Amino acid sequence: MTPPTPPPAKRVKLDEPEEAQPLGMEARVGITEFLTPSLEGFNGVLKQRYTDFLVNEITPNGEVVHLVSLDAPRRESNRIASDPAKQAPQKEEIQATEVNAPKSAPPQVTETAPAAEPAHEQTQSASSSSLVSEEDSAHLISLIGDDAFASVISLFSTVSAAGFNPRNAPTTPILTPVIPSKESRTEVHRSVRRIFSGKLETVTLEAEGKEGTISITASRSSGSTTRGQRPERGGRGGRGGRGGSRSVGENGEKTDPFPNGQYLHFTMYKENRDTMELINLLSRSLNLPRQMQNKVFSFAGTKDKRAVTVQRVSAFKVFPDRLAAANFGGGRGGGRGGRGGRGGRGGSSSFGLPRGCKVGDFSWQAKGLELGELKGNEFVITLRNAKAASSAFSSASLDEHEAHLRNVVGAAMTSLEKNGFINYYGLQRFGTFAKGTHEVGIKMLSKDWQGAVGEIMDYEVALANIAEDEQGQVSRDEHERARACHMFANAIANSQSDEYEPSLQEAAYIMPRKFLAETNIIQAAKERVGGNGPGGKLDYLQMLMRIPRGLRLMYIHSYQSLVWNHVVSERLRRFGRGTVIEGDLILIDKGASRGAVEDTEDLEPEIELDQDGEAIITDKSGVDQSNQGKSEDDSDFQRARPLTKEEAESGKYTISDIVLPTPGYDIVYPANEMKQVYTKFMAQHNIDPDNMRRSVREISLSGAYRKIVGNVLGPVEWDVKRVVGLEQCVETDLEKVEKERFAKRLAGRERHQQRGEAETKEEVKEDEVMEETPAKTDGDAMDVDIDAGVDGKAQEKVEPEKKETAAAVANSEEEITFAVVLKMQLGTSMYATMALREVMKEGGVQSYQPEFGHFQPPAPVTVEA
């Protein structure tokens, strides 16, 4: 019997059909309309250099995160005060000791530890001032009253002092006054969960006489190994180190090594690197096991790779000097301490951060960061080789072309600031391969598990079989992925063969680890997970279940995004850009829909949100889903209602108020003809918008609402610059920091030289010799760096991507081109690429392609059936 052949695959990736080009892809995923189609656009190249795309996180209070300092603060520690109930006997013992001790023996005091206040006073003060903002305090008091609020603060302080260990938490609940309004009770549940990061649980009581009362207790799951926390067990020492132990003072009393909070917050700066790649490197520098990364580090969202990004990160019980050491080639490899203890100091680690990546601006806080805990991102974008779309100025002088370009860009930016842009899900949402992630989602919603696996493992035969001398023309990762997928397809087609397992073993070895879904599918197939052992039937559903849950959900959400894009385009085509009609949906609570599918689904912290809203936001509840108490909190899910005819005609609402739902079982569809648009479009995939529940819980989605129009958070700043070649247009945070450090070191060197000259005037000749030939010893690194700066090489040291100097520009024979530089701020789950598309119009945004992206096979490759 002839074994079945593997399924056919496509040609090499960049020998693309028209539909796979950016414009064709936009149309395929429903991106077709503009909010202001009459305005002239312009062309430009995006991300030709990674310094052309700067992203700075915006904190919830509106502060833009910048890297300011690389210095690490000194370690501090306080003696831990005993519990008041246990303090009296200890005092008696101390007094008895003092009476019996010789009078000449002074009491011993730990030098580095200031006298500690009683724990309850210290923690309560910290809780009311630093742990809860004035705004949150006022809001919670308005809901539950002053007395209940004070009790809640005291409870949280006690739980915090106990290290959030549920076994040491008080069990007596705090009862609020009766709250008759369901909406108010829901807000209490939501606020307590948000303000105290899920460390406190709320349950509405239903017993007779207590209806409407909310019970607040310490979370029973606070000590578990959830994201941003650490397990109770102490960490082991690193290579050459010893396990951690409790810190003790000279008198044997315990000291608190984290007097200002157990979470170290710091700024992470990276150039052309993934967020998780940097987290992995930081973990290696600390000798953390891979499985501990999510327990130690947490952040508000991931950032783009081909960019310069700045964001805040938090680390649980990690000292700043250990992290700062990674800036300069690695730090100590000691283990993390036991509960409340310092880690062992182990041998040195050789793992440091790569060039262009730094951490700094360290501060201790009582709470770690959570996914989604940001207001948005600030973008500074450089668009190179900018030209107005009109061909009338193609032969104009530079001055005329610049003047016209300024007029076009100015009108576009004014419109963006005033009117916003269509809030499409961008192309990143649908994957980077010819087969989009939404196509996997369609298969999963149709319960075609084998088809879903096939879509994920789809590959290009020509890319897998490329000749060795041509491999430099393509990405190595893409080539190896194609090879591994080819081996997988052959193995699956011959699953009864003796070569089945060895082939999959080799495929797993070749597959780059960045392709997480493919790696897990290959491993599951090799183990025949869910099947009947060797030679048994393959279980494709179980292969999919091996993929991390957040990544699985991304495929489903991608299909929801596809439907939303197509529906919003049809809405604008039918009813225009400025018309509000009867049956359009508005949010009931304008409290703050960030308008994202991912904000309302029950997710695990496995997929993060980037600055474009590309991936999946995790569930921010922090509440144990196994909690037996019934909470009325509806999560942060937003509700919507249709407008009446009178409301639509009143002029009170604009297109910016209108939302459209993503398909789900827990949303309402527009009460107008747009409902039929959903039905007709989804019928192409044999999916019913009114039947979105599935037997597999993960693909049974509730849906969410997203605003049709996205708006920038503030004014848009822009400029048109003349550049030569790849001249850098914007200074990065790291360049500013390094220049400041260089200037300080140079000033210190000059002061040192001046003092030396004043003290040793009689040794002028010796000084002159030393000036001409600076000593370059291992202990004089500062002299080496400063002298390098004097002869003009400091600029190369300061800047990862060297700027072209004015002299170089003047002498260059390269063509002078224009670059448009713009700065804007967007909320989370909004796509910067969609804002650019609105101002540049169709075909304006030209993504830069590296050289290996233009590989063409020598001849068309066909696959025989």
Side-chain angles (χ1 to χ4, degrees), residues 22-23 25-27 29-44 46 376 379 381 383 388-390 407-429 561-581 584-587 593-596 612-613 643 648 651-662 670 672 674 677 705-718 820 822-845:
L23 290 182
M25 268 299 297
E26 286 187 355
V29 298
I31 303 173
T32 59
E33 306 304 306
F34 294 95
L35 208 57
T36 54
S38 60
L39 284 179
E40 182 181 356
F42 60 96
N43 302 324
L46 178 66
F379 299 86
I381 301 172
L383 299 163
S390 172
N407 289 336
V408 171
V409 174
M413 298 304 174
T414 300
S415 175
L416 175 66
E417 187 175 320
K418 179 181 178 181
N419 303 314
F421 57 97
I422 303 176
N423 198 20
Y424 284 123
Y425 289 98
L427 292 180
Q428 304 97 310
R429 184 78 166 188
S561 304
L562 175 77
V563 175
W564 193 93
N565 278 0
H566 279 278
V567 172
V568 76
S569 292
E570 187 63 25
R571 164 66 174 76
L572 295 173
R573 281 193 293 268
R574 293 192 183 193
F575 303 111
R577 277 78 176 156
T579 307
V580 176
I581 62 171
D584 277 343
L585 299 178
I586 60 168
L587 294 175
S593 167
R594 299 206 324 234
D612 283 332
L643 291 174
K652 179 180 178 181
Y653 300 98
T654 68
I655 193 71
S656 295
D657 299 310
I658 306 304
V659 297
L660 284 172
T662 59
N672 51 39
M674 294 311 300
V677 175
Y705 300 98
R706 182 178 178 89
K707 288 195 172 183
I708 290 178
V709 175
N711 294 103
V712 295
L713 298 181
V716 178
E717 302 176 24
W718 62 275
V820 174
L822 68 96
K823 179 193 287 187
M824 63 180 174
Q825 294 183 356
L826 296 177
T828 57
S829 194
M830 292 183 185
Y831 288 74
T833 50
M834 294 297 99
L836 290 176
R837 177 183 178 274
E838 181 66 44
V839 298
M840 300 175 73
K841 298 301 182 281
E842 188 170 358
V845 183

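The shown structure was predicted, so the numbers you read here are calculated from the model rather than taken from an experiment.
A heavy-atom distance below 4.5 Å is found between the side chains of D584 and N672. For the pair Y424/S569, a side-chain contact is recorded, criterion being any heavy-atom separation below 4.5 Å from C-beta on. Taking the side chain as every heavy atom from C-beta outward, E33 and V568 never approach each other to under 4.5 Å. In this structure, the side chains of M674 and V567 come closer than 4.5 Å at one or more pairs of heavy atoms. Two residues are said to be in side-chain contact when any heavy atoms from C-beta on lie closer than 4.5 Å; I708 and V659 fail this criterion. Within the 4.5 Å cutoff, the side chain of I31 has heavy atoms near those of the M834 side chain. No side-chain heavy atom of V712 sits under 4.5 Å from any side-chain heavy atom of M830.
Of the charged side-chain nitrogens involved, none lies within less than 4.0 Å of a carboxylate oxygen, so that K707 and D657 do not count as a salt-bridged pair. Salt bridge status for K841 with E40: absent, with no side-chain N to carboxylate O gap under 4.0 Å.
The minimum heavy-atom distance linking M840 with L383 is given by the pair SD-CD1, 3.7 Å. Nearest heavy-atom pair across L826 and A835 is CD1-CB, 4.4 Å. Annotation for A27 and T32: closest pair CA-CG2, 4.1 Å, computed over non-hydrogen atoms. Among all heavy-atom pairs drawn from P670 and L660, the shortest one is CG-CD2, 3.7 Å. Minimum heavy-atom separation, W718 to G410: CZ2-CA, 3.3 Å. Smallest separation of non-hydrogen atoms from L416 and M824: CD2-SD, 4.1 Å.
R837 forms no cation-pi arrangement with F421, by the criterion of a distance under 6.0 Å to the ring centre and an angle within 45° of the ring axis. For the pair R706 and Y425, the distance from NZ or CZ to the six-membered ring centre is under 6.0 Å and the angle to the ring normal is within 45 degrees.
Summarising the geometry, atom CD1 belonging to I655 is positioned 9.5 Å from atom CZ belonging to R577; distances are rounded to the nearest 0.5 Å. Expressed to the nearest 0.5 Å, how far CG of L822 lies from CE of M413 amounts to 4.5 Å. Rounding to the nearest 0.5 Å places OG1 of T662 at 9.0 Å from OH of Y705. A distance of 7.0 Å separates CZ of F34 from CD of E838, quoted to the nearest 0.5 Å. To the nearest 0.5 Å, atom CG of residue L572 and atom CG of residue L35 are 7.0 Å apart. Annotation: the span from L643 atom CG to L585 atom CG amounts to 8.0 Å, rounded to 0.5 Å.
In this structure R574 satisfies the salt bridge (Lys or Arg N to Asp or Glu O under 4.0 Å) test together with E570, E673, sequence neighbours excluded. In this structure, the side chain to side chain contact (heavy atoms under 4.5 Å, CB included) partners of S415, at least two apart in sequence or on a different chain, are T36, L39, N419. Legend: residues meeting side chain to side chain contact (heavy atoms under 4.5 Å, CB included) with T414, ordered by chain and number and at least two apart, are absent.
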Please evaluate residues I422 and V709 with respect to the criterion side-chain contact (heavy atoms from CB on, under 4.5 Å), reporting the C-alpha separation (whole Å), side-chain torsions for both, the decisive distance (0.1 Å), and the verdict. CA-CA 5 Å; I422 303 176; V709 175; over 6 Å; no
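Of the possible polar contacts, one joining the E417 side chain to the V716 backbone as a donor-acceptor pair under 3.5 Å is found.
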